[in-house]
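See below for the structure under consideration.
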Amino acid sequence: MAEAILRSDSLIVGYGGNPVISGIDLGAEAGKILTLIGPNGAGKSTILKTLIKQLPPVSGAVYLDGQELGTLKARDIALKVSAVLTGRPNPELMTCGDVVATGRYPYTGRLGILSDHDREVAAESMELVQVTELKDRDFNRISDGQRQRVLLARAICQEPRVLIMDEPTSFLDIRHKLDFLYLLRKLVLERQLAIVLSLHELELAQRFSDTVLCVRGGKVDRIGPPEEIFRGNYIAELYGVEHGSYNAELGCVETEAVQGTPRVFVVGGGGSGIPTYRLLQRRGIPFAAGVLPLNDADLPIAMALATEVVTDKAFEPVSAEAVSKALALAEKCEKVVCAAEGFGTMTAENRRILTWAEEMGKLLPLEALNTL
């Protein structure tokens, strides 16, 4: 393992000497993203504030390049660590360019006079984050998403070795969330930054993190690569999910299934049935689904939302036996709908369900679901 630029040792964090989270042993390594996740109020922000000396540790220590953080002056820390926290700065009469340029203050001395080099770094940082067009705009007259990007430019302008961010994507639309995290990954790879951030968007934490630290119940519950953290039912346990489920493989949440005798049987497959499953769930209509091979893209969502699912072996054609089970279940339903766009070699037997439903007058066009 590479030597961590910023690390904690037996750290306990809290307020006024009162512990909030204990057992924090983490390391921010160059070229890697460490992401904190956990329920609201678990203490993720408290950890981040302690890592930048905004809060003193209750116990234990934080080290920056081997030196205890408490022994370092603010300027020494600012030369190596920059932060974008959730508190919204409210500078008066400052343009976005002015705000970004404040990232150079650790280098300018007490008078804060920018050199030509400082201005070049500020301009490059704005261009990197794609906020150059905001340079002359009043910082207090731009959107929350634009502010977040300007603050990232300021943090980059500081030329840190460690970048710490608290929920940096909260005010961004989906395009800018992806752009933002793409940029972080680029900074990590090209500038070998060490990044520590908290995220609420689990699907983003799963895809962009090198290491994930989970906070729950006043302690670090688990830490490891996303491939280990996002496995099985752990995320649902971490967040105490009671009404619904979290699919670790797909990185998505589903509300709980509608209970009761299924009224509709859905023939899907290959991902085609997922919109129909969710529509029926929203409508409060219990349904069954099948026949789905165990490796089918529909299966995780069907298992989460359907009252019953008929499955069959993966990588093999749907069997006559499985279709017979599906027909017995469909017979108890009011209607049968087909969400599948077609049938291939593996699912050819599912046509029998549609033929039977048509003969029985139970086949309902997909577009007519809203009439139920």
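One-based numbering along the sequence shown.
- Using cut-offs of 30° and 60° for the angle between ring planes, the F287 and Y277 rings count as parallel.
- Around CZ of R191, the count of heavy atoms belonging to other residues, nucleotides or ligands within 6.0 Å does not exceed 12.
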Practice item. Under the salt bridge (charged side-chain N to carboxylate O under 4.0 Å, His left out) rule, what do R104 and E159 come out as? Steps first, then yes or no, please. Key: CA-CA 8 Å; R104 299 304 299 168; E159 295 186 300; 2.9 Å; yes
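- Tracing side-chain contacts under 4.5 Å through hydrophobic residues (I, L, V, M, F, W, Y), one reaches M165 starting from V131; they form part of the same cluster.
- Between R216 and E237, none of the side-chain N atoms (NZ, or NE/NH1/NH2) sits under 4.0 Å from a carboxylate O, so this pair counts as no salt bridge.
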Practice item. Determine, stepwise, if the pair I164 / V162 fulfils side chain to side chain contact (heavy atoms under 4.5 Å, CB included). Key: CA-CA 7 Å; I164 293 180; V162 181; 4.0 Å; yes
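- When side chains are defined from C-beta on, C333 does not count as touching V264, because their heavy atoms never get closer than 4.5 Å.
- In terms of heavy-atom proximity, I77 sits nearest to L64 at CA-CD2, 4.2 Å.
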Exercise for review: Take K362 and E331 through the test salt bridge (charged side-chain N to carboxylate O under 4.0 Å, His left out) and record every step on the way to the result.
Suggested key: CA-CA 9 Å; K362 285 191 173 188; E331 190 171 1; over 6 Å; no
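- With 3.5 Å as the limit, one finds a donor-acceptor pair spanning the side chains of E201 and T169.
- Using a 4.0 Å cut-off between charged side-chain N and carboxylate O, K80 and D65 make a salt bridge.
- Across A288 and P262, no two heavy atoms sit closer than the pair N-CB, 3.7 Å.
- In this structure, the side chain of S22 does not engage the main chain of I12 through any donor-acceptor pair within 3.5 Å.
- The backbone N or O of G38 sits less than 3.5 Å from a side-chain atom of K44, completing a donor-acceptor pair.
- Considering all non-hydrogen atoms of both residues, R149 and Q130 come closest at NH2-O, 2.8 Å.
- Side chain to side chain, D166 and S45 meet the donor-acceptor criterion of an N or O pair below 3.5 Å.
- Here the shortest heavy-atom pairing between V310 and A322 reads CG1-O, 3.5 Å.
- Side chains of D179 and H176: a donor-acceptor N/O pair is absent below 3.5 angstrom, by distance only.
- L48 is listed as a side-chain neighbour of V196, based on a closest heavy-atom distance under 4.5 Å.
- Both tests do not hold together for R185 against F208: distance to the six-membered ring centre under 6.0 Å, angle to the ring axis within 45°.
- The residues K219 and D221 are annotated as salt-bridged, a charged nitrogen and a carboxylate oxygen being separated by less than 4.0 angstrom.
- Electrostatic pairing of D76 and K73 does not count as a salt bridge here, judged by no charged N lying under 4.0 Å from a carboxylate O.
- The closest side-chain heavy-atom distance from L172 to Q148 is below 4.5 Å.
- Minimum heavy-atom separation, T50 to V62: O-CG2, 4.2 Å.
- Although no hydrogens or angles enter the test, the distance criterion places a donor-acceptor pair under 3.5 Å between the side chain of Q146 and the main chain of S143.
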Check your understanding: What's the verdict on side chain to side chain contact (heavy atoms under 4.5 Å, CB included) for V13 and L55, showing C-alpha distance, side-chain angles and the deciding distance?
Key -> CA-CA 8 Å; V13 302; L55 288 174; over 6 Å; no
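- Defined by atom type and a distance below 3.5 Å, a donor-acceptor pair is missing between the side-chain atoms of T347 and N350.
- Contact record, R154 with A83: NH2-O, 4.3 Å, taken as the closest heavy-atom pair.
- F343 does not carry R351 over the face of its six-membered ring by the limits of under 6.0 Å from the centre and within 45° of the normal.
- The closest side-chain donor-acceptor pair between T307 and Q259, if any, does not fall under 3.5 angstrom.
- In this structure, R147 is positioned above the aromatic face of F139, its NZ or CZ under 6.0 Å from the six-membered ring centre and within 45° of the axis.
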